[in-house]
Amino acid sequence: MPELSYNHSEIEKKWQNYWDEHKIFAANDRGRQRQYVLDMFPYPSAQGLHVGHVEGYGATDIYCRYLRMTGVNILHPMGWDAFGLPAENYAIKTGRSPQDTTRANIENIRHQLKSLGLAYDWSREVNTSDPEYYKWTQWLFLQLYRKGLAYQKEAPVNWCPSCQTVLANEQVIDGTCERCHTKVEQRQMKQWFFKITDYADKLLNGLDKLDWPTPIMEMQKNWIGESKGVLVRFPLISIDMSLRAGIDMSLRAERSNLVTTKTGDRPAPSVGARDDSVDDVVEIFTTRLDTIFGATFLVISPELAQKWIDVGWQVSSEIKKYMAKALPGKESERLERAAKQKTGVNTGIKARNPATNEDIPVWVADYVLGSYGTGAIMAVPAHDQRDWEFAQKFNLPIKQVIIPTVTDVDNPPQKNKKDTVRQVVHVILRNPKNKKILLGFLKDSSWGDHKPINFIIGGIEASETPPQAAIREIKEETGYDDISFVKELPFMVSANFFQAQKDLNRKVYVHTMIFDLKSERQQSVKAAEVAKHDFKWVDQNQVGSNLNIPDDSMSWKYYQAGGFAFSEMGELINSEKFSGLTSHEAVKKIAKAIGAKLETQYKLRDWLISRQRYWGAPIPIIHCSKCGPQAVLEKDLPVVLPNDVDFKPHGESPLARSKEFHRVNCPKCGAAARRESDTMDTFVDSSWYWLRYCDPVNHKAAFDGKKVSTWCPVNLYVGGAEHAVLHLLYARFITKALCDMEFIKFDEPFLKLRNQGLILGEDGQKMSKSRGNVVNPDEVVTKYGADTLRLYEMFMGPLEDAKPWNTNSIIGVRRFLDRVWKLADNAATADLKKREIILLDKATKKVTEDIENFKVNTVVSSLMELSNELAKLKPLPLEALKRFLILLYPLAPHISSEMWSNLNLKKNIWEEPWPTWNAKNLLDKEISIVVQVNGSKRSTVNCAPGSSQKIVQDLALADTKVAQYLVGRPIKRVVFVKDRLINLVVS
RNA sequence: GCCGAAGUGGCGGAAUUGGUAUACGCGACGGUCUCAAAAACCGUUCCCCGCAAGGGGUUGAGAGUUCGAGUCUCUCCUUCGGCACCA
C-alpha cells in the first residue's frame, strides 16, 4: 500500500455533494448547441455495479464533462431497467416483494454511481417498474396494436422450462435460454407478437447512415438475414388426395406475415384464390435459380406435409411414422439430430420441374425448415451440400449443371491471341496393386519455367466418346494397353490457359476419366511422345502436391473427397439453351422463361413479447368471450400490477391466479371478461426509455414531441455489445414504428454507438461469481478513490477491447495522482517560457483530439507525460498548473476541482472554457529528421522545422555515419518527406 | 461450415494512419534514504554479438506491392465474438 498524499475519500465526497446540491449537470431544454449522450441503463441487481459499468459510464462522463466546457449543453441522464426475472426469482425464494428489493437495489446503485462522480442529470431519472413509466409502455403497446403491429397468434414458441416462460428468438442462445442456459423447448402456444418483420428492409437499409461499430452492424445484418431469390411453382403430379381445387400447396398463405415484401404490400392470402392453377402446385424459394436444371428432387418440410395432410392428403404409414418423429419435435433437438444424419421419406408424389419438364420425386425431410421461405425447396445435390448429403444417403440422382472455371495463373490467357474451345479428357490412371497414380511431367520447352504436371491429357475427336478418347491417349502416350474403364468423374471443370507451343489461348472442358491398370503390359511409345513428357507413378497421397495445373488439382480434390457439392457460381452446363451463361446471367433469363417471381426473404422473425411472469408491464388487453380481445381504454391506464400475488410460476402468469386482477368488464359490451395475464418482455420497456428522459414527468403523454425533438435522436450511445440483436434492434424497430405513426420525426434512435469491451478477471477469464474473480468497484473507490478507478479503467486500453483487470497496475495510476497533488507545492506566479507553451499546447491538442475520438487510454498517457515534464519545472508557473488541471478534469474531476479551488480563483474549474492551442506553438525550434539509406535508418540530423530538401540533404551527406554507406555507391534517387525523413537510394 | 474482430517486450498496451517500432504504465533488476522494512525518489530493462564504439535481428507464419510495411494485398495459423440445415 503506497503512502497517499491526499485524502481521496474526503475531497471526493465534498465535490460530489457540491455538484448534487447545486445541480451542476442539469440539462437545459433551451440551451444552444445540444448533445444527447446516453448510457445503457442498468438492471438494478442485488450485486450492484460491476467494473464493466464503470468503464462505459466513465467514458461518457469524460466526454460530457469535456463537451460542457466547450460550451455544449448536454443531456446525460440515468435510470433503471427495473423489471425482470431476478427480482421475481428472489421473491419466490424469500417472499420479499420485487417492489421492495428493486427499490433497495436502486438506492444502492444510485449511491455507487454518485460515488464515482458521474455527472448525471438526476432530475430525469426513470424507472421502468414505476406505474408512471409502464403506463406509457402499455400505451406504446396499444399504439402498435391499433396499427396492426401487435398481434396474437398460436405458434410454436421457445419455452424455457426453468424460467417457466416463453422467450423471443433473440433470447435463445445456442438453443438455450440466455438467462439461465436451460435448454429451450418448443411449444405450441397462443402468444403476443410485435410485427418487427414489417420493418426488415428498413432495419437493414437504415444501418447505412449510422456511425456504429462494424461488428454490431454485421450482426444485425446477419440477424435480419436478407436473401434475394425467386419463387418457383412446381406442378404436382399423381398426388393422391381429394382436393384438386387449386390450393396453393405452400406454407406461405398461413405465414404471410413472415414473408416480408414491401411494407404494406403483403401477399394476399391465396387459399382458393388461384384461378390459373390446373394442377396442385408446390411453390419453392431459391436463391440459385441458375441450378434448376440440376434439381433432381424436391423436399418439403414436415410442417408443410402436415398442412397437406390437414387438407386431405392420404399418406402411407411410413410417412405418418416419420411425421410423428420429425414434427412435434422440439426444434433444437430436431436440428441437432438432423445435423448428424439426414432423414426423410419419399412421398410418392412427383413434381414437374418447370425448366426440364421432368417429373422428379417429392420427399419430406426435416432438414427443410417450415419457418423459412415456403417450407419447400428444390434439391440440387450437385450444388448444395445439404442436398448432396441427402442424395448420397437416399441414392438420388446428382446432376452437375454449374462448372467451375479456373485460370492457370502460371500460363494465363494472353491478349491478342486466338481463343479456342475444346472438349478434353484427363485420365486418372490407377494401379490397383500399389495404389499409385500415373502423372505426366511435361518436358516441352515451350512451357517455359512452368512445366505442367498433370494427368494424361488429350483432346476428344469428333467421332469419339470420352472413354474412347481416353483409351487412345493412354496407349499413344504411355503404351499401357491392358486397362479397364472405371467411370467418368461426375464433375467437369473448365480451364483457361495459354498454350505457347500452339500460340493460342485455350478454354477446355475437362472430362475426367478413371481407369485401372489390369496388368503392367506396355507397348512401345513413339519417340516424339517420349520427348514430350516423362510419366511417373506417384503415390496417392503425393498426387495433390505434385499436380500444378488448377483444373487437375480441382478434379483430384473432388476425386479424393469422394465428391462434394460445388456451391459457388460458375458457368452453366447441361442446361439446354442456358448452357454457357454465367450463373448471374442465367438467373434473370430462366426466371423470365419459366415465369418465376423475384422475392426477398428474411431470417428475421416476429418479436414474441408475452411473458408468463409477474414482474413486468401487464399487457393492456381484455379478453371478452363475445367481443374478442379488446384494448384497455387509454384512460384506464396503467393496468397496475397487483401487490398480493403468489409469485410461484406454474406455466401461466402469476397474474392469472389473482382474481382481483383478471376479473374485469369488457370495455365494449360491459359483460364480464378476463384481463390478459401475461406481461411484456422487459426489452419493450427499454426500447423507448431514452425518449422518456426528454420529458420524464409528463402525466399526460409518454413524451412531448417538441421536447423529444429538442434532444433526439441520441448523439452518442455507449454500452455493451451483448445487445447487438436484442435491445439495439428492438429500439430501432420501435423508433421506426413511432416515426411512421408520427409521434416522432426521426427513424433511427442512436446516431453514434460505441461499445465498451468486457473487463475480464485477473485470470483473463470472464468475471463470474463462480470463478471468484469478480472485482468490486466499491472496494477500489474506498482504497484508492474514484478518480483512480476512473483513470485506471480508461488507461487499461481501447474502450471497445476486452481487457483483463490487473490490481497491480492500479497503483501506477494512483502514484500519478499523488505526483499531481504535489505539483501544487512548486506552483508560483511566473511567466510561461516559450518551451513551456509548446509543451502545454501540444498536450492540449493531443488530449482534446483523443477525447473527441474516445481514445481515452492515450489521454491518460499524455497527461502522465505532461505531469512528468511539469514536475521538473521549479517553480511551476501557475498558468501551466491551471492548464494541466483543466485537461485532467474530465477524467479525474475530484482531485482537479479540489486543487483548482485551492488556487482561490473566482470560477469553478468546470466553468472554465476548454483551452485551445495555437498551431504555431506545436513546432519545436529544432526537429530531428531521420536519414535512411535504402530504407534503413542510419542516422538523424537536426534542423529547423520546414527545412527544404536541399538543406536536409546537405546535412545528411555531411553526416559521417551516413557517409560510410555511400562510399562508392552513387545516389540514384532521394525520397524526402518534409520534417520527417530523407531516404537516400543507392545502387 | 459462414460472417466479423484481433494477434506488437515478462504483462496492459503506444505508434502522427505508409515514414525513427516498443510511448505511457505495471513487473523485474540496481541504487538513495532507513537499525530494518514499507513507501517515496533516481537509474536500467525487446532479443542476439561485442569490454566498448558499434553492428545485426524483431510486430503470429510465409509471400507480394513500395525508396520505405506493425500499418496496404494475397495465402496460412491461432484466439475471441456472432450465426449456424435460412435453400
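Both backbone and side-chain heavy atoms feed into the values below; hydrogens, waters and symmetry mates do not. Everything numeric here is computed off the predicted structure, so don't read it as measured data.
Between the P atom of B:G56 and the NZ atom of A:Lys937 lies a distance of 12 Å, rounded to the nearest Å. Protein atom CG of A:Asp763 is 14 Å distant from nucleotide atom P of B:G12, rounded to whole Å. Counting to the nearest Å, the C1' atom of B:C83 and the CD atom of A:Gln220 are 14 Å from each other. Residue A:Met219 contributes atom CE, which lies 11 Å from atom C1' of B:C80 at whole-angstrom precision. The interatomic distance linking A:Met864 (CE) with B:C26 (P) rounds to 7 Å, in whole Å. For the pair A:Met796 CE and B:A14 P, the computed distance is 12 Å after rounding to whole Å. A straight line from CG of A:Asp841 to P of B:U16 spans 21 Å, rounded to a whole angstrom.
An OP1 or OP2 oxygen of B:A14 is reached within less than 4.0 angstrom by a side-chain nitrogen or oxygen of A:Asn857. For the pair A:Tyr965 and B:G55, the criterion of a side-chain N or O lying under 4.0 Å from OP1 or OP2 is met. One finds no side-chain N or O of A:Lys855 lying less than 4.0 angstrom from the OP1 or OP2 phosphate oxygen of B:G13. Contact annotation: A:Asn868 reaches the phosphate of B:G25 (side-chain N/O to OP1 or OP2, under 4.0 Å). Within the 4.0 Å cut-off from OP1 or OP2 of B:A87, not a single side-chain nitrogen or oxygen of A:Tyr367 is found. Residue A:Ser227 has a polar side-chain atom (N or O) positioned under 4.0 Å from OP1 or OP2 of B:A87.
With a 3.5 Å ceiling on both atom-pair distances, B:A84 lacks any Watson-Crick or G-U wobble partner. The pairing partner recorded for B:G18 is none, the criterion being a Watson-Crick or G-U wobble arrangement whose two distances lie under 3.5 angstrom. Pairing for B:C33 is absent, judged as Watson-Crick or G-U wobble with the two contacts each under 3.5 Å.
The nucleotide whose nearest atom lies closest to any side-chain atom of A:Ser861 is, among B:C24, B:A5, B:C26, B:C24. Comparing B:G13, B:U16, B:C24 against the side chain of A:Arg980 picks out B:U16 as the nearest. For A:Asp384, taking side-chain heavy atoms from C-beta onward, the closest of the listed nucleotides B:A87, B:A15, B:C26 is B:A87. For A:Val368, the listed nucleotide lying nearest its side chain is B:A87; candidates were B:G19, B:A87, B:A23. Taking only side-chain atoms of A:Pro215, from C-beta outward, the nucleotide of B:A5, B:G25, B:G27 with the closest atom is B:A5. Comparing B:C24, B:A15, B:A87 by their closest approach to the side chain of A:Phe285 singles out B:A87. Across B:G27, B:A87, B:C3, the shortest atom-to-atom separation from the side chain of A:Glu218 is found for B:C3. Nearest to the side chain of A:Pro798, among B:A5, B:C24, B:A14, sits B:A14. The side chain of A:Asn222 approaches B:C3 more closely than any other nucleotide in the set B:C26, B:C3, B:A14.
A distance of about 30 Å separates the P atoms of B:A6 and B:G57, rounded to the whole Å.
Listed by first then second residue, pairs satisfying side chain to side chain donor-acceptor pair (under 3.5 Å) with a partner in residues 791-803 of chain A read A:Glu55-A:Lys803, not counting sequence neighbours.
Counting heavy atoms of neighbouring residues, nucleotides and ligands inside a 6.0 Å radius, atom NZ of A:Lys393 exceeds 12 of them.
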Check nucleotides 41-48 of chain B against the protein and report each pair of N or O atoms closer than 3.5 Å, with its distance, or say if there are none.
none

Can you name the atoms? Protein N/O to nucleotides 62-68 of chain B N/O, anything below 3.5 Å, with the distance.
| residue | atom | partner | partner atom | Å |
| --- | --- | --- | --- | --- |
| B:C67 | OP1 | A:Arg973 | NH1 | 2.8 |
| B:C67 | O2' | A:Asn983 | ND2 | 3.3 |
| B:C67 | O2 | A:Asn983 | ND2 | 2.3 |

